[in-house]
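Accompanying notes for the structure given below.
Atoms within each ligand, like the ligands themselves, are counted from 1 in listed order.
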Amino acid sequence: MKPQSKIWMDGKLVPWDDAKIHVLTHGLHYGMAIFEGVRAFETPNGTAIFRLGGHVERFLNSAKIYRMDLGYSAKEITDACIELVRSNPAKECYIRPIAFTSYGEMGLNPLTSKISVAIASFEWGAYLGDTSKKGVRATVSSWVRIDSRAMPVQAKCAANYANSALAKMQALSAGYDEAILLNSNGMVAEGPGENIFRVKDGILSTPPASSGILRGITRDTVIQFAKDEKITFYRNDATKEELYTSDEVFFTGTAAGIAKVSEVDGRKIGDNGTPVTDRLAKLYDRAVHGRIKRYSKWLTPVRP
Ligand code: PPE
């Protein structure tokens, strides 16, 4: 990781190397950390943060689900993200707000812990590499996606990512690039850090929120594109064999962007072209870089 100059920590900007916490930090031991992933892009009007409002809202909702009192309003978190990006050298960056139960007492009860809030920004290339040509080779994991009866999937909690990491390691060990997790009903849920879409006979679809997924902001962006472009779109459940026989499959996420899938468990996907994925990926690329006027409402300029 290439260091930036500042990190926002508990209300102020501190030098990158000083943003440290104690090894007995409560959240490190019990998984009590909620976080976001946001990106800032270069636009014709300078660096701008994409869909910051939606990310801050989800951050506050994650905190609410875990009964964490952040002590900062949506506006304060928003302003902190802007100030941070402005203070750091990168023109395009990934922004990681995180809130966690901090150092003080050990023992499971999180309610006695103080909550720390930090925001870091750093350069981070496409999560799954440049997939525009080769595409991602994915495999359906034997790890089942966490179920909202056990853990709230809608909260972006660090603990959820133990499930993701198990699936990711399994996929990599088997020689694939990425995992696809099914839910406890055996239906397609999502990737370890991405939502998933498929295209069959020109119809775009993605699993509904009720399938136990994180309601992705990139997923929402793609749904909005589909509406605007008059692409037929449904939220519906799919089995893994429906993925095997899809014309196109792609992942979406802030880190991953729109990442084309070229294979699922040895079945080639998209051999006959990926016109819908390519069209949506191109729109996404242009929208985040401020090149489409109707989507400029999604961009918060860092230097107004
Ligand atoms: N599902 C999961 C489980 C998930 O972690 C993400 C984001 C998404 C869907 C897509 O959500 P959105 O970014 O709002 O479109 N994963 C974040 C963290 C990845 C990481 O490895 O760290 C991200 O993409 O920022």
Side-chain angles (χ1 to χ4, degrees), residues 1 31 33-41 49-62 65 81 92-98 100 118-129 131 136 138 141 143-148 150-169 171-172 177-183 187-197 206-226 235 249-259 261 280-281 283-285 287-288 295 298:
M1 181 178 295
I34 54 111
F35 68 89
E36 264 310 314
V38 195
R39 273 191 194 272
F41 297 90
I49 305 175
F50 189 65
R51 301 203 66 175
L52 180 56
H55 285 283
V56 171
E57 186 185 343
R58 192 171 65 187
F59 189 56
L60 296 184
N61 281 334
S62 296
I65 291 169
C81 290
E92 298 212 337
C93 61
Y94 184 84
I95 308 164
R96 169 57 55 85
I98 186 163
F100 52 94
I119 310 171
S121 73
F122 45 90
E123 284 174 279
W124 204 13
Y127 200 48
L128 298 166
T131 65
V136 179
S141 187
W143 292 101
V144 169
R145 187 68 181 138
I146 45 169
D147 187 299
S148 72
M151 283 168 77
V153 210
Q154 298 282 318
K156 207 167 158 59
C157 179
N160 298 0
Y161 289 85
N163 174 250
S164 292
L166 288 165
K168 181 88 191 181
M169 287 190 282
L172 293 176
D177 305 315
E178 191 55 302
I180 296 168
L181 290 109
L182 306 182
N183 63 24
M187 294 295 165
V188 174
E190 60 185 339
E194 314 90 355
N195 291 118
I196 192 164
F197 284 77
T206 197
S210 58
S211 65
I213 54 165
L214 183 76
R215 224 187 279 236
I217 289 165
T218 320
R219 171 180 178 272
D220 184 73
T221 300
V222 167
I223 293 171
Q224 191 61 53
F225 287 162
R235 286 175 186 82
V249 173
F250 60 89
F251 286 117
T252 63
T254 302
I258 294 181
V261 172
L280 292 166
L283 266 174
Y284 183 73
D285 184 64
V288 299
Y295 303 123
W298 282 337

Run the numbers for me: atoms of ligand 1, each under 4.0 Å from some heavy atom of Gly37, listed by number.
-> 25 (O)

Can an N or O of [X] be found at a distance shorter than 3.5 Å from an N or O of ligand 1?
X: Thr252; result: no
X: Arg145; result: no
X: Gly193; result: yes
X: Arg219; result: no
X: Ile217; result: yes

Say whether [X] and ligand 1 are in contact under the criterion: heavy-atom distance to a ligand atom below 4.0 Å.
X: Lys168; answer: no
X: Gly54; answer: no
X: Arg215; answer: no
X: Lys156; answer: yes

Of Thr221, Thr218, Thr254, the residue whose pairing with Arg51 passes side-chain hydrogen bond (donor to acceptor under 3.5 Å, both in side chains) = Thr221

Residue, atom name and distance, where the atom is the protein heavy atom closest to [atom]:
atom: atom 2 (C) of ligand 1; answer: Glu190 OE1, 3.6 Å
atom: atom 15 (O) of ligand 1; answer: Thr218 OG1, 2.6 Å
atom: atom 24 (O) of ligand 1; answer: Ala255 N, 2.8 Å
atom: atom 23 (C) of ligand 1; answer: Tyr94 OH, 3.4 Å
atom: atom 13 (O) of ligand 1; answer: Thr254 OG1, 2.6 Å
atom: atom 5 (O) of ligand 1; answer: Tyr161 OH, 2.4 Å
atom: atom 11 (O) of ligand 1; answer: Gly216 CA, 3.4 Å
atom: atom 20 (C) of ligand 1; answer: Tyr127 OH, 3.4 Å

Apply side-chain contact (heavy atoms from CB on, under 4.5 Å) to Cys93 and Ile95, showing your working.
-> CA-CA 6 Å; Cys93 61; Ile95 308 164; 4.1 Å; yes

Name of the residue among Thr206, Val222, Val136 meeting side-chain contact (heavy atoms from CB on, under 4.5 Å) with Phe250 | Val222

How does [X] reach ligand 1, if at all, at less than 4.0 Å between non-hydrogen atoms: by side chain, backbone, both, or neither?
X: Pro192; result: backbone
X: Arg39; result: neither
X: Glu194; result: backbone
X: Arg96; result: side chain

Does Trp143 CH2 have over 12 foreign heavy atoms under 6.0 Å away?
-> no

How long is the gap from CZ on Phe251 to CD1 on Ile258, to the nearest 0.5 Å?
-> 13.5 Å

Would you say the side-chain atoms of Arg215 pair up with the backbone N or O of Arg58, donor to acceptor, closer than 3.5 Å?
-> no

Does Asn195 reach the main-chain N or O of Gly216 with its side chain, forming a donor-acceptor pair under 3.5 Å?
-> yes

Taking the six-membered ring for Trp, are Tyr127 and Tyr94 ring centroids under 6.0 Å apart?
-> no

Looking at Glu178 and Lys168, does any basic side-chain N land under 4.0 Å from a carboxylate oxygen?
-> yes

